[in-house]
Amino acid sequence: MTTNAGLLARRNAAVPRALGHATNAYAQRALNAEVWDVEGTRYVDFAGGIAVLNTGHCHPRVMEAATEQMHRFTHTCVQVMAYEPYIALAERLNELAPFAGPARTIFFTTGAEAVENSIKIARAATGRSGVIAFAGGFHGRTIMTSALTGKTLPYKRGFGPFPAEIYHLPFPIEHHGTSVADSLKALEFLFRADIEPARVAAIIIEPVQGEGGFYEAPTELLISLRQICDRNGILLIADEVQSGFARTGKMFGIEHSGVEPDLITIAKSLAGGFPLSGVIGREAIMQAAEPGGLGGTYAGNPIACAAALAVLDVIAEERLLERANTIGARIKARVRDLAQRNDTIPIGAVRGPGAMVGFEIFAGRGGTEPDPEATKRVTARALEEGLVLLSCGVFGNVIRILVPLTVEDEVLEEGLHKLERALTI
Ligand SMILES: Cc1ncc(COP(=O)(O)O)c(C=O)c1O
């Protein structure tokens with residue numbers, strides 16, 4: 001019989017240690033917000049494949065669209081012979097672009113590739129090289145996106161040198177001692193000391209930091225960045241790879257602020273489990289790169305594009321923006337209740353727009369000192385209870401919830417009950 005332990009032993013002999021795993025369970029099958037391992041153990045899935053499954057595992061509409069396309073053809077390479085699902089998806093996303101005026105969209109395969117290409121596009125459009133990102137931000141694992149990522153360990157150590165002209169600002173987290181004013185002051189300093197604004201192509205920011213800890217970019221920061229960009233001909237890139245596609249209760253996280261970015265990067269929940277990413281941007285900017293300068297053999301795979309068209313239908317028809325707000329409110333209320341109790345470990349800073357919910361584990365009740373060890377124990381206990389739960393955060397002390405927005409009420413309740421048990425002393 002295939003066992004988790006047997007597969008782990010084979011994994012340890014065949015795969016490098018650099019690939020991390022949040023659990024040692026091996027998946028056998030999954031449906032909506034439930035997943036079963038190879039031993040038949042069932043789990044409620046609060047991880048959603050790290051923000052990929054806003055429409056759940058194997059949504060029937062997504063599966064049907066992908067299967068239909070798979071039977072027609074699986075690959076031609078869009079640069080050899082293009083296909084309608086690619087064009088139709090670009091048209092749909094252009095309509096959804098969170099800025100006024102005409103938009104264009106190009107597809108890639110992974111989130112990192114989308115970010116890489118947003119930088120290429122920004123450089124081609126501005127003729128400038130500098131890029132400013134934020135500490136704690138996560139943008140991927142390629143060399144450029146590792147450079148943009150604002151966390152050294154484990155993402156940078158041993159992998160340099162990185163591309164030049166990448167700069168970081170502190171990301172404002174009030175309860176960890178950094179304000180919006182601090183971030184803006186650091187930007188002023190950067191412009192004076194390291195790179196003048198006229199050499200900066202883009203500022204890239206996650207509207208809600210994902211891997212960094214589910215910290216929402218304050219609206220006043222986004223408004224100031226927009227003004228600084230406008231004054232200096234700098235492009236504003238919103239990395240929506242984790243926050244996009246209804247997770248926050250809007251199609252894109254940046255929409256909560258009313259700030260219009262110039263480019264947005266998309267991936268993860270775009271295609272409901274199929275590898276697909278893209279860049280949506282203002283038309284004039286997107287047209288800057290030379291023909292042939294952007295693309296990729298697998299970029300905009302037809303099965304993934306067909307799946308993504310179905311994902312957009314599901315988001316609209318099942319009213320997932322509303323659903324994100326409903327389930328998010330329920331999760332936050334429940335965790336806030338747990339935070340008030342004496343029989344749970346110290347929990348606080350419950351937050352997040354819509355269903356992009358995070359909260360922190362602290363060393364002492366009422367304090368704000370992060371407790372990463374206790375956080376690891378919580379995710380391990382959750383797994384024992386039958387709940388797949390992820391942590392994140394620059395201090396390793398944030399629990400994040402990325403349950404499919406399509407989760408049935410009973411399954412959500414069951415998951416919250418398991419979460420409560422994992423947090424109880
Ligand atoms: C905000 C953000 N950008 C980029 C990426 C990189 O995406 P991928 O892992 O698909 O390359 C991630 C992945 O977690 C992410 O959260």
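The figures here come from the full heavy-atom set of this structure, side chains too, leaving out hydrogens, waters and symmetry mates. Just so you know, ligand 1 is whichever comes first in the structure, and atom 1 is the first atom listed for that ligand.
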Closer than 4.0 Å to some heavy atom of [X] - which atoms of ligand 1 meet that?
{"X": "Glu211", "result": "14 (O)"}
{"X": "Asp239", "result": "1 (C), 2 (C), 3 (N), 4 (C)"}
{"X": "Glu206", "result": "1 (C)"}
{"X": "Gln242", "result": "14 (O), 16 (O)"}
{"X": "Lys268", "result": "12 (C), 13 (C), 14 (O), 16 (O)"}

How about [X] and [Y]: are their ring centroids closer than 6.0 Å?
{"X": "Phe245", "Y": "Phe252", "result": "yes"}
{"X": "Tyr298", "Y": "His75", "result": "yes"}
{"X": "Tyr83", "Y": "Phe73", "result": "yes"}

Electrostatic pair Arg400:Glu360 at N-O distance under 4.0 angstrom: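 Between Glu360 and Arg400 there is no salt bridge, as every charged N stays at least 4.0 Å from the carboxylate O atoms.
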Residues Glu317, Arg61: salt bridge by 4.0 Å N-O rule: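 So Glu317 pairs with Arg61 through a salt bridge.
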Within-cutoff protein neighbour (heavy atom, under 4.0 Å) for atom 10 (O) of ligand 1: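 At least one protein heavy atom is under 4.0 Å away.
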Nearest-contact summary for [atom] - protein heavy atom, Å:
{"atom": "atom 5 (C) of ligand 1", "value": "Val241 CG1, 3.8 Å"}
{"atom": "atom 8 (P) of ligand 1", "value": "Gly111 N, 3.5 Å"}
{"atom": "atom 2 (C) of ligand 1", "value": "Phe138 O, 3.2 Å"}

Asn397 (side chain) donor-acceptor with Ile361 (main chain) under 3.5 angstrom: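 Checking the backbone N and O of Ile361 against the side chain of Asn397, a donor-acceptor pair under 3.5 Å is found.
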4.0 Å heavy-atom contact, Gly210 with ligand 1: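 No, Gly210 has no heavy atoms under 4.0 Å from ligand 1.
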Heavy-atom gap Ile50 to ligand 1 smaller than 4.0 Å: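 Ile50: no contact with ligand 1 (<4.0 Å).
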From CA spacing to verdict: salt bridge (charged side-chain N to carboxylate O under 4.0 Å, His left out), Glu318, Arg323: CA-CA 8 Å; Glu318 298 187 17; Arg323 179 77 180 147; over 6 Å; no
Per-residue contact class, Ala112 against ligand 1 - non-hydrogen pairs under 4.0 Å: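 The answer is both, backbone and side chain.
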Straight-line distance of Asn117 CG to Met144 CE, nearest 0.5 Å: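 The CE atom of Met144 is 10.5 Å from CG of Asn117, to the nearest 0.5 Å.
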